[in-house]
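Because the structure is a prediction, the values reported are computed rather than measured. Values below: every heavy atom of this structure, side chains too, minus hydrogens, waters and symmetry copies.
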Amino acid sequence: MDIDIILEKLKKIHNNPVCELEYDNPFHLLIAVILSAQCTDKRVNKITPALFEKWQTPEEFAQLTQEELIPYIKSCGYYNAKSKSIIEAAKSIVSEYNGKVPETVEELMTLRGVGKKTANVVYAVAFGGDAIAVDTHVRRVSNRIGLSNSNDVLKIEKDLNELVPQAEWSVLHHLLIHHGRYICMARNPKCNECLLNTECKYFNSGNNKLPD
């Protein structure tokens, strides 16, 4: 497997992909990323305008009850857990970081309700850091192509980090997300249209037990 060839082909397929969540500041991105778990970016983008018109700042969100927040985010699914995470993260930002979203992965992970994937996305997208956030698309594509052979997100992240220079981490993150979203879908992947046919373990093995 030649990672340089894979990167070159992914860049040819996906022209400078970026985060598709809509946001206007790091705090709003943090909320959008929390909402995007087990939900499409398209759905999140539909509900956040009304949400951020109603409340804008960490201080405002920290004062909310789940009952107040849930009607605005219910269509994103898992609304009980997500509403709790959003409110608790806002409280942490207010009490521990003077109302400003912290700018490192380590600090972001101290926020209640924020795990490694969410921290990596906010760090990379909002603050221009180098990080690979392993979501369902990154996991699936990494295993299918053969960039990793694990379902453990931390192991997949480690494998990907070791494959490419740090300066390419965020680039690879977006490439894999877009590839999983538009070409290498869980069901009915567009294998015949994919430039990675010759490199792809999934395409060349015919093994239906490969991660989907």
Side-chain angles (χ1 to χ4, degrees), residues 1-22 29 32-45 77 105 108-109 114-212:
M1 177 187 63
D2 190 324
I3 187 61
D4 292 329
I5 291 176
I6 290 174
L7 268 175
E8 180 183 347
K9 289 186 175 183
L10 283 171
K11 289 176 180 178
K12 187 175 294 185
I13 299 168
H14 309 284
N15 183 26
N16 193 29
V18 296
C19 178
E20 295 184 325
L21 290 170
E22 297 172 359
L29 175 63
V33 176
I34 292 172
L35 291 173
S36 71
Q38 303 298 315
C39 181
T40 66
D41 289 2
K42 185 176 181 180
R43 166 57 57 186
V44 174
N45 289 339
V105 171
L108 283 161
M109 289 181 65
V114 175
K116 185 69 182 298
K117 186 195 81 169
T118 298
N120 278 356
V121 173
V122 175
Y123 171 66
V125 175
F127 301 116
D130 301 313
I132 297 175
V134 180
D135 68 354
T136 183
H137 299 300
V138 174
R139 180 190 66 82
R140 180 174 66 254
V141 176
S142 296
N143 276 275
R144 283 182 173 177
I145 295 175
L147 303 180
S148 183
N149 186 31
S150 176
N151 280 319
D152 179 82
V153 295
L154 295 179
K155 176 63 165 61
I156 295 170
E157 181 183 347
K158 182 175 183 292
D159 290 341
L160 296 176
N161 285 348
E162 291 175 351
L163 279 173
V164 298
Q166 184 173 334
E168 295 273 21
W169 287 356
S170 294
V171 174
L172 180 60
H173 164 235
H174 288 300
L175 287 169
L176 293 176
I177 287 178
H178 279 245
H179 200 64
R181 189 171 286 163
Y182 300 112
I183 301 292
C184 192
M185 294 85 75
R187 296 183 180 181
N188 302 316
K190 299 176 181 178
C191 294
N192 291 328
E193 301 177 21
C194 182
L195 297 179
L196 295 173
N197 281 348
T198 54
E199 290 79 23
C200 182
K201 183 175 70 172
Y202 179 84
F203 180 78
N204 289 298
S205 71
N207 182 1
N208 293 329
K209 293 183 180 179
L210 285 170
D212 60 5

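Across Ser150 and Asn143, no two heavy atoms sit closer than the pair O-ND2, 2.8 Å. Pairing each heavy atom of Arg144 with each of Ala186, the nearest pair is NH2-O, 3.1 Å. Annotation for Ser170 and Ala124: closest pair OG-CB, 3.5 Å, computed over non-hydrogen atoms. Heavy-atom minimum distance, Val105 versus Ala119: O-CB, 4.0 Å. Between Arg139 and Ile156, the shortest heavy-atom contact is CG-CD1, 3.5 Å. Residue Leu147 comes nearest to Leu163 through the heavy atom pair O-CD1, 3.6 Å, listed as atom of the first residue, atom of the second, then distance.
Distance check, rounded to the nearest 0.5 Å: CE of Met185 to SG of Cys191 gives 9.0 Å. From Ile5, atom CD1 reaches atom CG of Leu196 across 10.5 Å, with rounding to the nearest 0.5 Å. Note that CD1 of Ile132 and NZ of Lys117 are 14.5 Å apart. Values are rounded to the nearest 0.5 Å. If you take CD on Glu22 and CG on Leu29, they are separated by 12.0 Å, rounding to the nearest 0.5 Å. How far CD1 of Ile177 is from NE2 of His14: 11.0 Å, rounded to the nearest 0.5 Å. A distance of 10.0 Å separates NE2 of His137 from NE2 of His173, quoted to the nearest 0.5 Å.
With hydrogens and angles ignored, the 3.5 Å screen pairs no side-chain donor or acceptor of Asn161 with any backbone N or O of Gln166. At distances below 3.5 Å, not a single donor-acceptor pair connects side-chain atoms of Asp130 with backbone N or O atoms of Trp169.
Using a 4.5 Å heavy-atom threshold, the side chains of Ser142 and Leu160 count as touching. Side-chain contact check for Thr198 versus Lys9: some heavy-atom pair is nearer than 4.5 Å. Here the side chains of Ile34 and Thr118 are in contact, with some heavy-atom distance below 4.5 Å. Side-chain contact between Cys184 and Tyr202: absent, with no pair of heavy atoms (C-beta onward) separated by less than 4.5 Å. With contacts defined as side-chain heavy-atom distances shorter than 4.5 Å, the pair Lys158/Leu154 does not qualify. Val138 has its side chain out of reach of Glu157: every pair of non-hydrogen atoms, C-beta onward, lies at least 4.5 Å apart. Side-chain contact check for Val121 versus Asp135: every heavy-atom pair is 4.5 Å or farther apart. In this structure, the side chains of Cys194 and His179 come closer than 4.5 Å at one or more pairs of heavy atoms.
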Checking Leu176 against Leu10 for the side chain to side chain contact (heavy atoms under 4.5 Å, CB included) test, could you report, in this order, the C-alpha distance in whole Å, the side-chain angles of both residues, the deciding distance, and whether it holds?
CA-CA 8 Å; Leu176 293 176; Leu10 283 171; 4.1 Å; yes

For Val171 and Lys11, run side chain to side chain contact (heavy atoms under 4.5 Å, CB included): C-alpha distance rounded to whole Å, both residues' side-chain angles, the deciding distance at 0.1 Å, then the answer.
CA-CA 9 Å; Val171 174; Lys11 289 176 180 178; 3.9 Å; yes

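Classified by interplanar angle (parallel below 30°, tilted 30° to 60°, perpendicular above 60°), the ring pair Tyr182/His178 is tilted.
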